[in-house]
There are 2 protein chains.
Amino acid sequence: MSKAALDRQSMLTAMAAHVMLNGLANASLRPLAKAAGTSDRMLIYHFGNKEGVIAALLDFLAEAYIGTLDNVLPDGRQLSRAEYLDQLSRHTRGPAFQPYAALWWDIVSGAARGNASYRESAGRVMAKMLAFVESHAPVGDADPAATARFMLTLIEGAQMLDAIGCSDIADLALARAFCAD
Amino acid sequence: MSKAALDRQSMLTAMAAHVMLNGLANASLRPLAKAAGTSDRMLIYHFGNKEGVIAALLDFLAEAYIGTLDNVLPDGRQLSRAEYLDQLSRHTRGPAFQPYAALWWDIVSGAARGNASYRESAGRVMAKMLAFVESHAPVGDADPAATARFMLTLIEGAQMLDAIGCSDIADLALARAFCAD
DNA sequence: GCCCTTATGTAGCAACTGCTACACTTGTGC
DNA sequence: GCACAAGTGTAGCAGTTGCTACATAAGGGC
């Protein structure tokens, strides 16, 4: 890895930490640079302009977010669907995902306003999440694709309710999800 | 209504329109004032400081958002739960709610970052939504409270997926929700 | 007529924004 | 050894931010 690429990587690591604490929406060059131990001048030099900085950060963060999924769940194939959903929510609503939660809503908010980078990044994360849910799902479902999407939608709704302090609603909702099983 | 209160009201109306177009996250005094046909000086005068302006706006917007619910749905009591969920999503994901969608994610994002005004506003909206869903729900459910929360969580998850351009996931999820019925 | 509250315009401050100009030092290929 | 590209520090520009100081009306109670 070249020196430049190495610098980029360490800058992104430091900036990602800063952004997870302070939010992505109002991130500006000078605080980001300070967090990365450099100057705004250098961020522009390495990433072209602010948009480039943010785009690189989104990439980096999406990878990191997705990375938390790996090896986090024991295979759910032997569980019932209700048990699997429970395991899934335990992780996605638990402490491992917590640092990313606020960040995620920054990204959703940006995507909802039509920002292409944000939308693309969010889409990539969702696709990966879906693939993960599908690949670990219990076998023997009549329509596994639909069930995976159903679980994902529920989980995301629950995460939103967590974010605004309405976890109680989400808890009952998830408990109700597979009551027919 | 006093002149001051009337002014406040018309200012809020104008600012709300501006915020629905341009977002709440980066709203600043001078553009807000321009939208309201006044000056930043006057906004501070009437609302104390920027925080006061935003808090008043959140109040106003929450009321307006909730207001779109009234008389929008025929009573769902004769429908099956699947049909009711379908009707519900048709409205909450449809054009009537569209102007509020992006705004909603601004608020969620703020709430997730711990802003008390945002969180309170979001909580009030969710409580009202829940009451609405519960009060129109089909009769004869074994656990209507859980079912209402289940539907609400699904709807919100679907709205998030819409916001990031993954409506296809949401569509299948909703179709799957009451497949046991 | 006078006073005092309410309301408003103008100007400006200090901080911060993204970004640039310019000068300078390295390291590398030849 | 030298030219040239890559990398970096300093200074600054023009614009925006929330907010304030100051002056000035306008209206109502006495």
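A note on names: the letters A, B, ... follow the listed sequences, proteins ahead of strands, and every chain is numbered from 1. Everything numeric here is computed off the predicted structure, so don't read it as measured data.
- Residue B:Thr38 is the one, among B:Thr38 and A:Arg30, whose nearest nucleotide of DNA chain C lies closer to the 5' end (criterion: closest heavy atom).
- Taking 4.0 angstrom as the limit, A:His46 places none of its side-chain polar atoms (N or O) nearer than this to OP1 or OP2 of D:dA6.
- Taking atom CD1 of residue A:Ile44 and atom P of nucleotide D:dG9, one finds them 15 Å apart after rounding to whole Å.
- Using a 4.0 Å cut-off between charged side-chain N and carboxylate O, A:Asp171 and A:Arg176 make no salt bridge.
- Put simply, CG on A:Asp40 is 15 Å from P on C:dA21, counting in whole angstrom units.
- Spacing between atom CG of B:Leu29 and atom C1' of C:dG12 amounts to 16 Å, rounded to whole angstrom units.
- Across all strands, A:Asn49 comes closer than 4.0 Å only to sugar-phosphate atoms, never to a base (heavy-atom distances).
- Checked by atom type and distance alone, the side chain of B:Glu156 never pairs as donor or acceptor with a backbone atom of A:Leu161 at under 3.5 Å.
- In this structure, A:Phe47 places its CZ atom 12 Å from P of D:dT8, rounding to the nearest Å.
- Contact between the side-chain N/O atoms of B:Ser28 and the OP1/OP2 oxygens of D:dT16 is not found at any separation under 4.0 Å.
- Under the 3.5 Å distance criterion, the side-chain polar atoms of B:Ser121 are left unmatched by any main-chain donor or acceptor of B:Tyr118.
- Distances were taken from every side-chain heavy atom of A:Met42 (C-beta onward) to each of C:dT17, D:dC19, D:dT8; the shortest belongs to D:dT8.
- Rounded to whole Å, atom P of C:dC16 lies 15 Å from atom NZ of A:Lys50.
- Two residues, B:Arg41 and A:Tyr45, neighbour DNA chain D, and the one matched to the more 5' nucleotide by heavy-atom proximity is A:Tyr45.
- Between the CG atom of A:Asp7 and the P atom of C:dG27 there is a distance of 14 Å, rounded to whole Å.
- Checked for salt-bridge contact, B:Asp40 and B:Lys34 miss the test: no charged N lies under 4.0 Å from a carboxylate O.
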*Could you check A:Leu103 against A:Leu24 for side chain to side chain contact (heavy atoms under 4.5 Å, CB included), going step by step and ending with a plain yes or no?*
CA-CA 7 Å; A:Leu103 188 61; A:Leu24 189 61; 3.8 Å; yes

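- Rounded to whole Å, atom C1' of D:dT17 lies 14 Å from atom CG of B:Leu43.
- Atom C1' of nucleotide C:dG18 and atom CG of A:Asn26 are separated by 15 Å, given to the nearest angstrom.
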